[in-house]
Protein chains: 2
Amino acid sequence: MLNLIELEQFVAFADYGTLSKAAEHLNISQPTITRSMQHVEDAFGVPLFIREKNRITLSPTGKKAVSCVRVLLATSRDTVDQVPRYHKSLHSVTVESCAPAPLWTVLPELSSHYPDMSISSCIQNPDDILNHVIAHTCDIGILPYPVESKGILCTPILKEALSICVRPGHDLASMERLTFSDLNGFNFLLRSEIGFWDAMCRKTMPASKFLVQTDDFAFQELVYESTLPCFTTNLAADNSGMLQGRIVIPITDPEATVTYHLILSANKSNAFRGFLRKYSVLPY
Amino acid sequence: MLNLIELEQFVAFADYGTLSKAAEHLNISQPTITRSMQHVEDAFGVPLFIREKNRITLSPTGKKAVSCVRVLLATSRDTVDQVPRYHKSLHSVTVESCAPAPLWTVLPELSSHYPDMSISSCIQNPDDILNHVIAHTCDIGILPYPVESKGILCTPILKEALSICVRPGHDLASMERLTFSDLNGFNFLLRSEIGFWDAMCRKTMPASKFLVQTDDFAFQELVYESTLPCFTTNLAADNSGMLQGRIVIPITDPEATVTYHLILSANKSNAFRGFLRKYSVLPY
DNA sequence: TGATCTTACGTTTAGCGTAACAATA
DNA sequence: TATTGTTACGCTAAACGTAAGATCA
């Protein structure tokens with residue numbers, strides 16, 4: 001009977017040329033690999049080696065065996081890889097969103113529908129999200145626009161509208177509505193990890209500078225203490241009270257209002273049936 | 001690391017439903033297979049079983065693992081199968097002939113050209129020979145006619161002409177030549193293991209009876225002692241002297257004279273280059 | 001002399017079966 | 001009570017590394 005550990009040593013010998021070098025790379029002693037090669041030869045029942053006094057090389061049959069064994073070991077690695085991946089797919093949900101806001105509602109809903117599942121999420125750029133959903137490395141994606149792709153279900157779930165927050169007395173404080181072109185050139189405080197909004201702000205307001213804060217507490221303190229304008233949306237709750245005293249002015253450009261769309265592979269629709277029931281998911 | 005023996009036990013459990021039954025079929029104790037299943041589970045790193053107090057079943061992940069492992073074990077069996085087959089193909093030549101006579105010259109020639117090879121031969125019917133050469137389960141075939149088949153080389157090598165041997169005084173003894181229709185109705189002594197000749201005689205002389213002798217000595221004694229006619233050819237040497245005193249009369253039907261053709265797979269022509277040099281092998 | 005492979009030897013590991021136990025139908 | 005799976009225990013066999021031997025460049 002074949003032994004996968006010995007077969008690993010066998011291909012290591014083929015790769016490194018001598019038993020000593022293979023043993024060294026595998027952190028085992030030379031005698032061990034000598035014995036293993038004898039076992040492998042016994043298991044195949046035909047001579048695989050040309051043995052000279054202090055040299056051992058592969059016979060033509062041995063070379064054939066190496067190529068067969070490489071396939072076998074690849075199959076073995078694939079097996080060890082696939083099974084845990086399958087297990088994970090049964091017991092976890094991965095969500096990738098283009099922005100944090102939709103996760104605030106989607107993640108709790110998933111948790112309540114699938115209490116035994118571990119739910120993991122991350123912020124990604126929209127192109128990657130679509131690719132990951134197609135490649136099944138992600139279960140549920142959230143994009144700022146609809147997609148039409150074969151085998152992908154897509155449905156709108158939420159709207160988010162961007163506004164600006166300024167201190168009274170700021171140049172813009174008296175405006176009832178604003179456009180990106182009005183804002184272009186002003187500097188802003190910006191939170192990190194806001195997904196596609198970051199790129200959108202830099203594109204629509206190229207003359208502006210953005211003071212990105214990674215730390216949440218630091219961001220809140222800066223908003224509270226400084227006169228720099230910042231952003232908020234209809235979905236953001238001001239739990240820290242940092243916006244108290246600030247004037248919220250909506251931005252009227254179409255880019256400032258997005259409709260989030262939930263996407264998933266069509267052949268996972270059954271698995272997420274309960275969760276999807278509240279949305280009217282349509283195949284494109 | 002996976003262990004193929006334990007994986008065999010794993011699929012046996014899947015096949016037989018309980019550990020006890022699997023253990024029984026594999027001739028091992030129950031505790032052994034219990035431990036093996038724990039090892040397999042450890043190797044995959046994810047739960048494969050649903051364990052109840054005195055019942056163990058496969059989890060969904062376990063079922064997935066079983067199907068993956070079946071593939072792996074099939075690959076393993078295939079590997080163990082292919083390597084010795086390859087070794088054999090490097091160190092042996094198999095010849096299948098439609099009749100014994102051509103082997104008397106071809107086998108010695110092969111032996112002298114490839115002294116390190118083991119040469120095995122057998123008598124087969126022509127259709128099977130062609131199929132075996134095409135399927136590479138036979139290296140060299142000898143047919144009583146030429147074939148045209150893609151990838152098959154074919155060349156004429158020998159002629160064999162059938163004659164009849166009778167005692168002086170026999171009804172046919174005075175004839176200079178004969179046809180199968182002249183012979184039809186007479187009974188004959190016939191050697192076994194004469195390949196296609198056997199079917200040919202029965203077809204061309206349906207009214208005759210053939211006393212087939214398996215034992216070579218018995219055949220010679222019968223020829224020597226009886227008055228029953230028998231057959232010989234231009235290629236048969238009468239080493240035993242059994243034909244002394246018999247009259248040899250040629251058979252003139254076209255079926256009584258055959259030209260043997262050597263066939264082999266075109267992609268083996270290089271391996272048999274030395275042997276083939278004496279024949280002018282033409283691809284059809 | 002340094003590198004290579006093999007054999008010998010003693011220790012340690014791990015694999016197996018028997019036996020005992022717990023739980024179910 | 002018969003069947004099933006797990007755990008405990010002791011024995012055996014196999015696997016390993018060190019050491020020694022043999023051969024070659």
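Treat the numbers as computed from the prediction; the structure is a model and nothing was measured. Proteins come first, then strands; the chains are lettered A, B, ... in the order of their sequence lines, and each starts at number 1. Just the heavy atoms: all of them, side chains too, but no hydrogens, waters or symmetry mates, feed the values below.
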Q) Ion pair present between A:Arg191 and A:Asp216, side-chain N to carboxylate O less than 4.0 angstrom? A)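 Looking at A:Asp216 together with A:Arg191, the answer is yes, because their closest N to O distance falls below 4.0 Å.
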Q | Electrostatic pair A:Arg77:A:Asp81 at N-O distance under 4.0 angstrom | A |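 No.
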Q.
Just to be sure I understand the geometry, which residues of residues 18-28 of chain B put a non-hydrogen atom under 4.0 Å away from DNA chain D?
A.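 Contacting residues: B:Thr18, B:Leu19, B:Ser20.
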Q) Of the residues in residues 36-53 of chain B, which ones touch DNA chain D at a heavy-atom distance under 4.0 Å? A)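 Heavy-atom cutoff 4.0 Å gives B:Gln38, B:Arg51.
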What's the [atom1]-[atom2] distance between [X] and [N], to the nearest Å?
X	N	atom1	atom2	result
A:Tyr16	C:dA3	OH	P	19 Å
A:Asn54	C:dA3	CG	C1'	8 Å
B:Asn3	C:dA14	CG	C1'	12 Å
A:Leu4	D:dA15	CG	P	14 Å
B:Ile33	D:dT7	CD1	C1'	17 Å
B:Ile56	D:dG5	CD1	P	7 Å

Q.
If you compare every side-chain N and O of A:Thr34 against the phosphate oxygens of C:dC5 (OP1, OP2), does one of them come in below 4.0 Å?
A.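 No, no such contact exists.
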(Q) Check the phosphate of C:dC16 against B:Ser29, side-chain N and O only, distance under 4.0 Å to OP1 or OP2. Yes or no? (A)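 Checking B:Ser29 against C:dC16: no side-chain N or O falls below 4.0 Å of OP1 or OP2.
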So do [Y] and [X] actually touch side chain to side chain, heavy atoms under 4.5 Å?
X	Y	result
B:Ser120	B:Ser92	no
A:Ile142	A:Ile129	no
A:Thr79	B:Val71	no

(Q) For B:Arg55, is the CZ atom crowded, meaning more than 12 foreign heavy atoms sit under 6.0 Å from it? (A)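 Atom CZ in B:Arg55 is not packed in, count stays at 12 or less.
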Q.
Counting only heavy atoms not in B:Gln38 (residues, nucleotides, ligands), do more than 12 fall under 6.0 Å from its CD?
A.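 Enclosed.
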Q | Proximity to the side chain of B:Gln30 - top-ranked nucleotide from D:dG5, D:dC16, C:dA8 | A |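 Of the candidates, D:dG5 comes closest.
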Q.
Test your reading of the model: is there a side-chain donor-acceptor pair from B:Ser97 to the backbone of B:Pro100, 3.5 Å cut-off?
A.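 A pair under 3.5 Å: no.
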Q) A:Ser121 side chain to A:Glu96 main-chain N or O, any donor-acceptor pair under 3.5 Å? A)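 Between the backbone of A:Glu96 and the side chain of A:Ser121 there is no qualifying donor-acceptor contact (under 3.5 Å).
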Q.
Need to verify one output field. Residue with the more 5' nearest nucleotide on DNA chain D, A:Arg35 or A:Arg55?
A.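 Going by which nucleotide is closer to the 5' end, it is A:Arg35.
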